[in-house]
Participant: 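Okay, handing you the structure first.
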Amino acid sequence: MADIHLPQHIAIIMDGNGRWAKQRFMPRIAGHRAGVEAARQVVKNCARRNIKVLSLFAFSSENWRRPAQEVSFLMELFLTGLEREVGMLHENNIQLRFIGDRSRFSEKLCEKIKEVEQLTQKNTGMTLIIAVDYGGQWDICQAARQLALEVEAGTLRSQEITPEKFASRLSFSDLPNPDLFIRTSGELRISNFMLWQLAYSELYFTDILWPDFDENELEKALKHYSSRERRYGYSSEQLKEAARHA
Ligand code: FPP
């Protein structure tokens, strides 16, 4: 791993907990428990490799449609997971941030989230973003709403709305966009995750189910990333030329 080119920001859709459990004749919740352990490992491994930002898609706006029992189990898992891991995160200088619409969370979970965010807010190591009740379309809508209000209030002219201005109202505006997007379990979809921010990300899909995504699998994804050439619309000739003059 010595000289591979590392992404600054990795965004992951952790998919396949249910299928992992089914393959073992276990209930879906056992898959989610194993998923939490895989998340714990990926956080540690990314922090150790000095990745600046890691975003984990833990619960989408659409996940509320799952059976009530599974939803409440997941909420409980987030709460107990936070209680258990906050010490480890803080000791490792990790800053934890939650993104998404919290209005449907229990008061207890909201309180815990606030507490952990406050505790870790001055940490200078990796930023860990947990996306819960998050949807990329929701994020784009809330940014558009903010800009519309500013236009209504007369503090912004519509001609001043540029991609940069728009991006500044999105949820991750102070962080670099993901360089590498990973989705496990063989699904080839972005599923409403960070729609705006993934515009130029390298996409990496693997058939591995999330609970099996270990250090070795992370390494494969990083190797894949380091072998890609990101062009941002330039031709490869232009990029070579720029590299010669760098
Ligand atoms: C995806 O598998 C998993 C979820 C939607 C649940 C949330 C993720 C975890 C519990 C991992 C831990 C994360 C944190 C940050 C605490 P699925 O249920 O969609 O699996 P399936 O597609 O095989 O049914």
Side-chain angles (χ1 to χ4, degrees), residues 9-47 51 53-90 92 94-102 104-106 108-110 112-113 115-117 120 126-136 138 172 178 181-194 205-214 217-218:
H9 182 171
I10 303 179
I12 308 183
I13 296 190
M14 308 173 290
D15 199 6
N17 293 349
R19 277 163 284 169
W20 183 92
K22 198 170 171 202
Q23 282 174 0
R24 287 161 180 76
F25 306 101
M26 289 154 89
R28 292 179 58 81
I29 57 172
H32 292 318
R33 257 197 217 107
V36 171
E37 186 47 36
R40 192 169 183 272
Q41 293 308 321
V42 89
V43 168
K44 280 192 156 185
N45 288 324
C46 285
I51 300 296
V53 187
L54 173 66
S55 300
L56 299 178
F57 202 7
F59 193 85
S60 71
S61 315
E62 293 75 26
N63 284 151
W64 291 108
R65 297 181 193 143
R66 295 195 174 196
Q69 220 187 353
E70 183 172 341
V71 170
S72 66
F73 179 82
L74 282 169
M75 292 298 147
E76 194 56 37
L77 206 58
F78 296 148
L79 184 64
T80 52
L82 268 182
E83 283 167 349
R84 210 184 42 223
E85 304 302 340
V86 61
M88 175 280 274
L89 296 171
H90 196 37
N92 282 282
I94 294 171
Q95 187 190 105
L96 190 62
R97 283 163 64 173
F98 281 78
I99 139 131
D101 179 2
R102 301 175 192 183
R104 282 195 273 180
F105 292 169
S106 71
K108 208 170 162 194
L109 184 54
C110 286
K112 195 76 213 167
I113 288 175
E115 188 189 314
V116 179
E117 282 183 329
T120 62
M126 187 173 82
T127 299
L128 172 61
I129 297 176
I130 309 277
V132 269
D133 201 358
Y134 171 82
W138 165 84
F172 308 94
F181 163 88
I182 299 173
R183 182 169 188 157
T184 56
S185 92
E187 306 292 348
L188 307 181
R189 286 189 298 276
I190 294 176
S191 294
N192 200 15
F193 191 33
M194 295 190 176
F205 297 98
T206 168
D207 287 340
I208 292 289
L209 301 176
W210 176 249
D212 292 328
F213 191 87
D214 57 11
E217 294 301 327
L218 175 67

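Numbering of ligands and ligand atoms starts at 1, following listing order. Everything numeric in this text was worked out from a predicted model, so none of it was measured.
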Participant: Among all protein heavy atoms, pick the one closest to atom 7 (C) of ligand 1 and tell me residue, atom and distance.
Facilitator: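 So the nearest neighbour among protein heavy atoms is Ala58 O, 2.8 Å.
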Participant: Where on Leu209 is there a heavy atom closer than 4.0 Å to ligand 1, on the side chain, on the backbone, on both, or on neither?
Facilitator: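 For Leu209, there is no contact with ligand 1 at all, from either part.
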Participant: Which residue holds the protein heavy atom closest to atom 10 (C) of ligand 1, what is that atom called, and what is the gap in Å?
Facilitator: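 Going atom by atom, the protein heavy atom closest to atom 10 (C) of ligand 1 ends up being His32 O, 3.6 Å.
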Participant: With a 4.0 Å cut-off on heavy atoms, does Ser185 reach ligand 1?
Facilitator: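 No, that is not the case, since the closest heavy atom of the residue is not under 4.0 Å from the ligand.
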Participant: For ligand 1, which atoms have a heavy atom of Gly18 less than 4.0 angstrom away?
Facilitator: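 Every atom of ligand 1 under 4.0 Å from some heavy atom of Gly18: 17 (P), 18 (O), 20 (O), 21 (P), 23 (O), 24 (O).
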Participant: Any idea which part of Glu62 is under 4.0 Å from ligand 1, heavy-atom wise: side chain, backbone, both or neither?
Facilitator: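 For Glu62, no heavy atom sits under 4.0 Å from ligand 1.
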Participant: Only one of Arg33, His32, Arg28 clears side-chain contact (heavy atoms from CB on, under 4.5 Å) with Asn17; which?
Facilitator: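 With Asn17 as partner, side-chain contact (heavy atoms from CB on, under 4.5 Å) holds for just one option, His32.
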Participant: Which atoms of ligand 1 have any heavy atom of Gly35 under 4.0 Å away?
Facilitator: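 The list of qualifying atoms is 11 (C), 12 (C).
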Participant: Strictly under 4.0 Å, does any heavy atom of Arg28 approach an atom of ligand 1?
Facilitator: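 A heavy atom of Arg28 does come that close to ligand 1.
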Participant: With under 30° as parallel and over 60° as perpendicular, where do the rings of Tyr134 and Phe193 fit, or are they tilted in between?
Facilitator: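 Perpendicular, since the angle between the ring planes exceeds 60°.
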Participant: Arg33 near ligand 1, heavy-atom distance under 4.0 Å?
Facilitator: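 The answer is no: ligand 1 sits nowhere under 4.0 Å from a heavy atom of Arg33.
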Participant: What's the shortest distance from atom 9 (C) of ligand 1 to any protein heavy atom, and which residue and atom give it?
Facilitator: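 For this ligand atom, the closest protein heavy atom is Asn17 ND2, 3.6 Å.
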Participant: Enumerate the atoms of ligand 1 whose separation from the nearest heavy atom of Arg66 is less than 4.0 angstrom.
Facilitator: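 Once the distances to Arg66 are compared, the set is 17 (P), 18 (O), 19 (O).
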Participant: Test your reading of the model: is there a side-chain donor-acceptor pair from Asp133 to the backbone of Arg102, 3.5 Å cut-off?
Facilitator: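 Side chain of Asp133 to backbone of Arg102: no pair is present.
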Participant: Check each atom of ligand 1 against the heavy atoms of Ile130 and keep those under 4.0 Å away; list them by number with element.
Facilitator: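 Here the atoms of ligand 1 in question are 15 (C).
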Participant: Just jot down the ligand 1 atoms closer than 4.0 angstrom to any heavy atom of Arg19, in number order.
Facilitator: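 Matching atoms, with element in brackets: 21 (P), 22 (O), 23 (O).
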Participant: Could a heavy atom of Gly81 be found less than 4.0 Å from some atom of ligand 1?
Facilitator: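 No, Gly81 has no heavy atoms under 4.0 Å from ligand 1.
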Participant: Report yes if some N/O of Trp210 lies less than 3.5 Å from some N/O of ligand 1; otherwise report no.
Facilitator: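 The answer is no, given that Trp210 and ligand 1 share no N or O pair closer than 3.5 Å.
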Participant: Which ligand 1 atoms does Asn63 reach within 4.0 Å, using its non-hydrogen atoms?
Facilitator: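 Those atoms are 5 (C).
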